[in-house]
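Following: one structure in structure tokens, then a few remarks.
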Amino acid sequence: MTLAMSIVTNQLKQLTPLSVPDRLLLGPGPCNAHPTVLQAMSTTPLGHLDPAFLQIMDEIQSLLRYVWQTDNPHTIAVSGTGSAAMEATIANSVEPGDVMLIGVAGYFGNRLVDMAGRYGADVRSISKPWGQNFTLDELRAAMAEHRPKILGLVHAETSTGCRQPIEGVGELCREYDCLLLLDTVTSLGGVPIHLDKWGVDLAYSCSQKGLGCAPGASPFTMSPRAMAKLLARPTKVPNWYLDMLLLGKYWGAERVYHHTAPINLYYGLREALRLVSEEGIDNSWARHQANVEYLWSSLESIGLKMHVEKQYRLPTLTTVCIPDGVDGKAVAKQLLTEHNIEVGGGLGELAGKVWRVGLMGYNSRPESVDRLIGALKQVI
Ligand code: PLP
């Protein structure tokens, strides 16, 4: 062993057991996981083909259909974060040369553009300033111009805190024989979603925001229309890990080994979803709305302004304008180091202009607002 190596080895031996600061996570995600979710995650792992674990997978599928308000048989959790589920929607729907129209009004619209291009889509994008959304007429005009096979929209743009209304978009897509793909990463559990009523064909989300779990097991769903396109494609899905035809054999009746599921994350996801269903999805949406309204009025009471027009603000994520002369980064740092509260900074067009405050899942409570406002009063 070299000298340097032995020094490192000695240092490693002195490491103490894991200990992390007790933070209140009020940024863009993750949020704090619910205590019973953490308890579920520390349960001993089962084998990934154990009938008791397969039962848990079935329950996750039913619970996901409930929170998403869909009957899609092909509804699963992808082993990975929201970006993996995002990539699953693209990998399973895009064939090289397909025109995909993407609405870009923030950071995650741009990520969809990047991903779709990597899978050979002929990407056409339309854009709006960050903090705004697309009207149905704007979408209709773009559909007429580009005649896409897939339309991709972000329901809850985490970089801006703006909600994209989806009512009417599914009908528009059917007029053009186009699939509707929706990012629900920052909306699932906290913002009303009706996938089937809206005619959404492909959707993805994450576990660490409105569902109140840890990151790593990400909801993914495909409608029968999306499945028909997948079954008709002449070439294999160019991503082995995310190929729904292979994953479907593990999640469906065949129960064929595909990959070793992250068992404990699935325990956590099942518990997080169970808590939402115990509360009732409508009650969860109402709780997020009530608490965010309390946040907005509390922020206004200390002189702060929101970036997005009220009717399109998200219940899960608020962009708060950094007042002139205030160093936004320094404030966020002080909140973290002196008050153990995490808030996010602005991304892209909004860098340096806003803080991003999340009230998601377990953290969507009046106490979270009170703690943040108390700390902001001291820091600003
Ligand atoms: N889409 C949106 C709207 C997001 O907010 C995020 C992450 O915050 C993602 C996709 C990617 O999810 P993840 O970071 O879990 O991979």
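Because the structure is a prediction, the values reported are computed rather than measured. We count ligands from 1, going down the list as the structure has it; atoms in each ligand are counted the same way.
- The side-chain hydrogen bond (donor to acceptor under 3.5 Å, both in side chains) analysis of residues 12-25, with sequence neighbours excluded, yields the pairs Arg23-Asn340.
- Thr318 and Trp296 share a side-chain donor-acceptor pair at under 3.5 Å.
- Taking a heavy-atom cut-off of under 4.0 Å, ligand 1 is surrounded by Thr81, Gly82, Ser83, Phe108, Arg111, Ala156, Thr158, Asp183, Val185, Thr186, Gln208, Lys209.
- Listed by first then second residue, pairs satisfying salt bridge (Lys or Arg N to Asp or Glu O under 4.0 Å) with a partner in residues 280-295 read Glu279-Arg287, not counting sequence neighbours.
- The distance from the CG atom of Leu335 to the CD1 atom of Ile341 is 6.0 Å, given to the nearest 0.5 Å.
- Comment: Arg233 does not engage Asp98 in a salt bridge, judged by the lack of any side-chain N to carboxylate O separation of less than 4.0 angstrom.
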Enumerate, atom names and distances included, each donor-acceptor pair closer than 3.5 Å involving a side-chain atom of residues 208-216, sequence neighbours excluded.
unit_1, atom_1, unit_2, atom_2, d
Lys209, NZ, Pro28, O, 2.8
Lys209, NZ, Thr186, OG1, 3.1

